[in-house]
Structure formats: C-alpha cells, structure tokens
Amino acid sequence: MKNKLKYEIVGDHVVITECDETVKTVNIPEFIENLPVTEIETEAFYMCQALTSVRLPASITEIGGYEFYNCERLTEIQMAEENPFFKSVDGVVFSKDGKKLVYFPIFGPEKYRIPDGVMEIGEETFYYCSRLASLTIPEGVTKIGKEAFQACTALRSVTIPASLTEIKMPIWAKCVSLAEIQVAEENEVFKSVDGVLFSKNRKKLIRFGGEPTKYRVPDGVTEIGEYAFYGCKRLVSVTVPASVKKIGECAFSECDQLTEIVFFEGVEEIGDYAFSASDQLSVTIPASVTIIGDGAFTGYERQMKIQVSTENPNYKYVDGVLFTKDGKTLLKFMRDDLTDYQIPDGVTKIGMEAFWRCDNLQSVTFPKNLTEIGGSAFSLCKKLKTAMIPDGVTKIGEWAFSDCENLTSATIPASVKRIGDHAFLNCVNLTSATISEGVEEIGEYAFGACRKLTSLTIPESITLMEADIFKFSPNITLFGKKGTCTERYATENAILFIAKDDNQRKTNDSCN
C-alpha cells in the first residue's frame with residue numbers, strides 16, 4: 001500500500017490495482033519501488049464515490065473508461081505535462097496530439113462541446129456519465145468507439161456531423177433519455193429519420209432514438225442492427241415489416257416495458273440475446289425464421305411469452321419449451337411452475353442459457369443420448385440439487401452450473417473431455433463431485449468458491465488444469481497419483497495433496 005493505493009509489480013513496471021474507497025483526491029506517483037507506474041487495472045477505483053480529482057503521472061501509458069467506473073463525484077483527471085501519450089484539458093483526457101478524446105470524468109459538466117481537431121472518440125469515453133445532457137460533436141470527428149456513451153442517462157440528443165463515417169456499436173446502450181439522433185445532410189454514411197439513425201440507404205436501422213411508446217419499422221429496412229433498441233425503457237410495441245431479414249445481437253435487449261413485437265413473414269435470423277431481459281415480451285416466431293441465436297430469449301423473471309408458427313420448418317414450441325424442429329436441441333425452458341423436469345428422449349444438446357435462472361427447478365433428468373450441455377445452461381438454478389451428467393456427454397460449457405447454490409453433488413462421466421471454465425463456480429453447498437477417468441481438462445475457476453467441497457479425486461487422464469480452479473475453495477484436498485499433473489498443480493497452488501497409491505501426504509504452504 002502506497003498513498004492509499006494497492007499495486008502489483010508486473011515484470012519491469014507497476015500496475016495500480018485498488019484504492020482506498022474513502023479518498024477524495026489521488027496523486028498517482030510516477031515510480032513505486034523504483035519502477036514506473038504504467039497502468040491502472042480495470043475497476044481499480046471502483047466504488048471510490050468520494051473521489052473528485054485524480055492526477056496521473058508521466059509514466060502512464062494506458063487509460064480507458066472502466067478504471068474509474070462508479071466514481072460518481074469525479075470531476076477531473078489531471079495529467080502530468082511530461083506524459084508523452086496523453087494530455088488533460090479542463091479535466092478531460094486526450095491523446096497528446098489532441099486527435100483522440102480518451103476519457104471524460106463521470107461527474108463532468110452537463111453540457112460539453114468536443115474541441116475542434118478531435119478526430120476520434122475512444123471506447124468507453126463517456127461511460128456512465130449520467131450527468132451529461134448535451135454534447136456537441138464537431139465537424140472532423142470520423143470515428144466513435146464502442147460503448148462511448150453507454151448509460152449516459154441524461155443525454156437527450158446527439159447530432160452526427162458530416163465527417164463521421166464509423167460507429168462501433170453499442171455506443172448508446174442504456175441512454176434512457178435519448179429522444180433523437182440527428183445527422184448532417186452531407187453525411188454520406190448515415191441518415192436520420194424522425195430522430196432514428198439509419199444507414200444512408202435506409203436498409204439498416206442502426207439506433208432508435210425517440211420517445212414514442214409504439215414504433216413501426218419503415219418498409220424497405222432489411223436489417224435491425226445490433227443493440228438498435230437496447231435499453232429503450234419507454235417502448236411498448238414494435239412492428240417489424242416483411243422486408244426485415246435480420247435482427248441483430250441484443251437488438252431489443254433490456255426493453256423493460258416492451259410487451260409486443262409484431263413480425264410479418266420474412267424475418268430469417270434472430271441474433272444472440274436479441275430479446276434478452278425484455279421480460280414482458282410476447283412474440284410469435286414466424287415460419288420464415290431459420291436461425292435463432294444463443295440466449296435470444298433469456299429473461300430474468302420468466303414472464304416472456306413465445307409462440308412458434310406451426311409452419312416453421314426449423315423450430316417448435318412444446319408445453320413451454322423451445323426446441324429445434326427435429327427435437328435434438330433444447331433452446332429455452334420457459335416453465336417456472338415445474339420443480340422437476342425430464343428432458344425428452346431425442347434431445348442431444350442443451351443450448352446456451354436454456355435453463356438459466358429457473359428459480360423453482362429442483363431436479364432434471366437427462367436423456368441417454370445427450371452429448372452437449374451449453375454455456376450457462378443451468379446457471380442460477382438456485383434450487384437444483386444434483387447434476388448427474390450421463391455417459392455420452394462430451395462437453396460441459398462455461399458457467400454451465402454456476403451459482404446453483406443448493407447443488408450438493410455432481411458426477412462427470414468419462415465421455416466429457418473438458419470441464420468448462422467456471423462450470424461449478426459458486427456452488428456453495430457442493431460437497432461431492434466425481435470426475436471419471438477419461439476427462440482430460442479442467443477449466444479455470446471450474447470449482448471456485450465451492451466452500452463445502454473438501455476433497456476431490458483427480459483421475460490420471462487429466463493433462464491440463466487451468467489457473468484458479470479452486471479459487472475461494474479453501475478447504476479442498478486433492479487426491480491423485482504421484483508424479484501427475486494433479487500433484488504439480490497442488491504444489492504450485494499450496495493445496496493439500498494425498499497420493500492415492502501410497503496414501504502419502506504432500507503439501508507446500510510456501511507456494512503462491
């Protein structure tokens with residue numbers, strides 16, 4: 001700890017990792033332990049809500065938006081004049097040549113005009129600047145980076161100059177007050193119609209900016225872009241014409257009041273998370289849809305209502321469950337009234353987030369032909385008690401059973417080759433886990449924060465154990481054969497190891 005800062009030495013430089021939450025001003029030194037301070041870790045100043053001013057040294061080489069996330073009173077970033085990469089003007093950080101706007105403090109002014117000469121607005125530049133209500137983007141700006149204006153909740157209008165040619169979506173996510181986006185007539189890439197942003201040819205709806213509760217997408221539009229309606233809190237109903245073929249990733253995600261989307265036949269592709277967290281939604285998937293992306297209908301409260309046209313050759317909806325037409329993939333389980341569920345015979349794949357946050361689900365019976373359990377498939381199923389994975393399953397995805405707080409036992413068969421990252425993370429009541437001979441890899445944090453897991457036998461077939469598998473699982477003892485990957489891992493991570501062949505104990509408390 002130095003001047004209320006925590007840090008790590010990484011090779012030949014220092015990274016600031018954390019700060020005392022009570023500080024009001026911070027002067028980051030140029031050197032710590034005779035090494036230059038070059039970076040600030042993501043969210044290093046998270047929850048420093050009293051912080052108003054930060055001074056960065058000449059040695060800093062990187063700065064983004066997340067370092068000072070949630071610093072609600074931060075009004076300025078000062079930069080040492082000797083810094084060769086950045087400069088500060090009125091508390092706002094720019095590249096040294098002034099061509100890129102890098103960071104705007106969260107509690108900066110309500111109105112701001114970007115200075116002439118700026119050509120690029122960087123990623124996360126105005127991230128969570130909830131006070132910013134008015135912004136002028138001057139002629140000369142050509143590019144706006146991803147998440148540049150995310151959660152600028154007071155921002156009401158944006159005017160895009162003729163020079164702007166590139167926008168990395170999402171940039172206006174959670175801008176709940178955004179009423180209009182205007183575009184200079186001379187702009188050759190973008191066009192505004194009634195405050196809504198389109199491509200110049202009006203084929204792609206890029207971002208909805210408006211206050212109406214009902215909206216009809218204009219005829220002729222062929223694509224609704226990624227994050228196009230993301231976080232539009234007032235929107236109740238949208239009509240999508242037959243000309244639209246594609247709905248992009250997260251296009252209607254987190255639209256809290258959205259209750260109805262009317263599709264005409266024509267839509268072919270629904271992107272990943274297209275309607276996620278729009279829990280009040282009622283939608284009928286038309287016969288024309290050929291692709292439904294991962295997590296497209298993931299919701300927090302399981303109130304979403306889905307129907308599928310009986311004429312659709314690719315998907316079907318049976319008793320509150322969405323399947324592919326052949327019944328081989330279970331895409332989404334929508335039954336909040338069931339405590340026990342037997343997955344139908346014939347299902348070979350459980351899709352990503354298929355059972356995510358099924359709060360009442362206590363027991364699942366897997367079919368004998370199952371081969372794959374997708375990422376986060378059962379994550380946050382807080383009443384699920386066991387995970388008896390059948391032989392034949394070859395893949396357990398990342399986060400598959402994470403945060404199942406009442407899960408007490410899990411069995412992983414020999415057919416599984418890799419246990420995905422975070423697969424059983426935070427299963428706080430897991431007491432028994434069986435990994436069969438034949439499993440080859442265990443991903444990072446796979447059994448992290450499993451505080452009641454006291455012993456685990458690792459088979460000889462395991463050849464790769466990734467970092468932090470048992471992070472925050474302080475009571476674990478590993479059993480395995482001497483000279484294997486398991487013994488090496490236990491030694492390197494200061495975990496008690498017992499060799500099964502001769503019951504010999506081995507531990508090394510000096511390992512980090």
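Under the 3.5 Å distance criterion, the side-chain polar atoms of S415 are matched with a main-chain donor or acceptor of G392. Checked by atom type and distance alone, the side chain of S276 never pairs as donor or acceptor with a backbone atom of S253 at under 3.5 Å. At distances below 3.5 Å, at least one donor-acceptor pair connects side-chain atoms of T491 with backbone N or O atoms of E487. Between the side chain of S243 and the backbone N or O of V221, at least one donor-acceptor pair lies under 3.5 Å. Panel note: side chain D272, backbone D294; a donor-acceptor pair is recorded below 3.5 Å. Side-chain N or O atoms of D403 include none that pairs as donor or acceptor with a backbone N or O of S379 at under 3.5 Å. For R207 (side chain) and V196 (main-chain N/O), no donor-acceptor pair under 3.5 Å exists by modelled atom type. For T386 (side chain) and M388 (main-chain N/O), no donor-acceptor pair under 3.5 Å exists by modelled atom type. A side-chain donor-acceptor contact under 3.5 Å links D326 to the backbone of K328. Judged by distance alone, with hydrogens and angles left aside, the side-chain atoms of S288 form no donor-acceptor pair with the main-chain N or O of E265 at under 3.5 Å.
No hydrogens or angles considered: a donor-acceptor pair under 3.5 Å links the side chains of T298 and E353. Counted by atom type alone, Q307 and T284 present zero donor-acceptor pairs between their side chains at under 3.5 Å. Side-chain contact check for T371 and T394: no donor-acceptor pair (N or O, by modelled atom type) lies under 3.5 Å. For the residue pair Y273 / E226, no side-chain donor-acceptor distance below 3.5 Å is found, with atom types taken as modelled.
Within a 6.0 Å radius of CG in D319, no more than 12 heavy atoms belonging to other residues, nucleotides or ligands are found. Within 6.0 Å of NZ on K245 lie more than 12 heavy atoms contributed by other residues, nucleotides or ligands. Within a 6.0 Å sphere centred on CD of E43, heavy atoms belonging to other residues, nucleotides or ligands number more than 12. Within 6.0 Å of CD on Q342 lie no more than 12 heavy atoms contributed by other residues, nucleotides or ligands. Heavy-atom neighbours of K203 NZ from other residues, nucleotides or ligands within 6.0 Å: at or below the threshold of 12.
Between R418 and E466 a salt bridge is recorded (basic side-chain N to carboxylate O distance below 4.0 Å). Using a 4.0 Å cut-off between a side-chain N of Lys or Arg and a carboxylate O of Asp or Glu, K233 and D256 qualify as a salt bridge.
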- Query: Hey, mind stepping through L5 and C19 against side-chain contact (heavy atoms from CB on, under 4.5 Å) and telling me if it holds?
  - Reply: CA-CA 5 Å; L5 295 171; C19 182; 3.8 Å; yes
- Check against side-chain hydrogen bond (donor to acceptor under 3.5 Å, both in side chains), K325 and N314: CA-CA 5 Å; K325 194 74 170 186; N314 303 292; over 6 Å; no
- Going through the distances and angles, do Y69 and Y128 end up as a ring pair (Phe, Tyr, Trp, His ring centres under 6.0 Å)? CA-CA 8 Å; Y69 173 58; Y128 270 81; 5.1 Å; yes
- Query: For L178 and F149, what are the C-alpha separation, side-chain angles and deciding distance, and is it a side-chain contact (heavy atoms from CB on, under 4.5 Å)?
  - Reply: CA-CA 11 Å; L178 187 61; F149 302 102; over 6 Å; no
- Message: Set out, in order, the CA-CA distance, both residues' side-chain angles and the distance that settles side-chain contact (heavy atoms from CB on, under 4.5 Å) for T431 and T454, then state yes or no.
- Response: CA-CA 7 Å; T431 58; T454 57; over 6 Å; no
- Task: Evaluate the criterion side-chain contact (heavy atoms from CB on, under 4.5 Å) for residue pair W356 and K332; output intermediate values, then yes/no.
- Result: CA-CA 9 Å; W356 186 83; K332 192 63 186 173; 4.3 Å; yes
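Using bins of under 30°, 30° to 60° and over 60° for the plane-to-plane angle, the ring pair Y341/F355 lands in the tilted bin. Ring planes of F275 and F252: parallel class, angle under 30° (limits at 30 and 60°). Using the six-membered ring where Trp is involved, F378 and F366 have ring planes that are perpendicular, over 60° apart on the 30 and 60° scheme. The aromatic rings of F424 and F447 sit parallel to each other, their planes meeting at less than 30°, with 60° as the upper class boundary. Y227 and Y230 have tilted rings, their planes meeting at an angle from 30° to 60° on a 0 to 90° scale.
For the pair P390 and P367, the tightest heavy-atom approach, listed with the atom from each and the gap, is CG-O, 3.8 Å. The shortest non-hydrogen separation linking S177 to R234 is CA-NH1, 4.3 Å. The shortest non-hydrogen separation linking D340 to S363 is OD1-CB, 3.1 Å. Nearest approach of V176 to G231, heavy atoms of both residues: CG1-O, 3.8 Å. Taking both residues in full, the closest heavy atoms of E441 and I462 are given as N-CD1, 3.9 Å, listed atom of the first, atom of the second, then distance. Of all heavy-atom pairs spanning V236 and L258, the tightest one is O-CD1, 3.4 Å.
Remark: E123 CD to Q150 CD distance equals 11.5 Å, nearest 0.5 Å. Rounding to the nearest 0.5 Å places NZ of K305 at 9.0 Å from CE of M334. For the atom pair CG (L197) and CD1 (I206), the distance works out to 4.5 Å, reported to the nearest 0.5 Å. If you take CD on E39 and CD on E62, they are separated by 4.5 Å, rounding to the nearest 0.5 Å. Remark: E269 CD to K246 NZ distance equals 5.0 Å, nearest 0.5 Å. Atom-to-atom distance recorded for K471:NZ and I469:CD1 is 13.0 Å, nearest 0.5 angstrom.
Within the cation-pi definition used here (under 6.0 Å to the ring centroid, within 45° of the axis), R131 qualifies as a partner of F107.
Here side chain to side chain donor-acceptor pair (under 3.5 Å) pairs that include residues 404-413, with residues two or more places apart or in two chains, number zero.
V347 is not listed as a side-chain neighbour of N369, based on a closest heavy-atom distance of 4.5 Å or more. Looking at heavy atoms from C-beta onward, L430 lies in side-chain contact with C450 at the 4.5 angstrom threshold. In this structure, L235 and Y215 have side chains that are in contact, with non-hydrogen atoms separated by less than 4.5 Å. Using a 4.5 Å heavy-atom threshold, the side chains of I412 and S436 count as separate. V364 places a side-chain heavy atom less than 4.5 Å from the side chain of L384. The closest side-chain heavy-atom distance from V102 to T125 is not below 4.5 Å. Using a 4.5 Å heavy-atom threshold, the side chains of V14 and T38 count as separate. Using a 4.5 Å heavy-atom cutoff, the side chains of F470 and M465 are in contact.
Qualifying side-chain hydrogen bond (donor to acceptor under 3.5 Å, both in side chains) partners for K385, counting only residues two or more places apart in sequence or in other chains: none.
Side-chain rings of Y103 and F68 approach one another, their centers coming within less than 6.0 Å. When ring centroids are compared, F323 and Y315 stay outside the 6.0 Å threshold.
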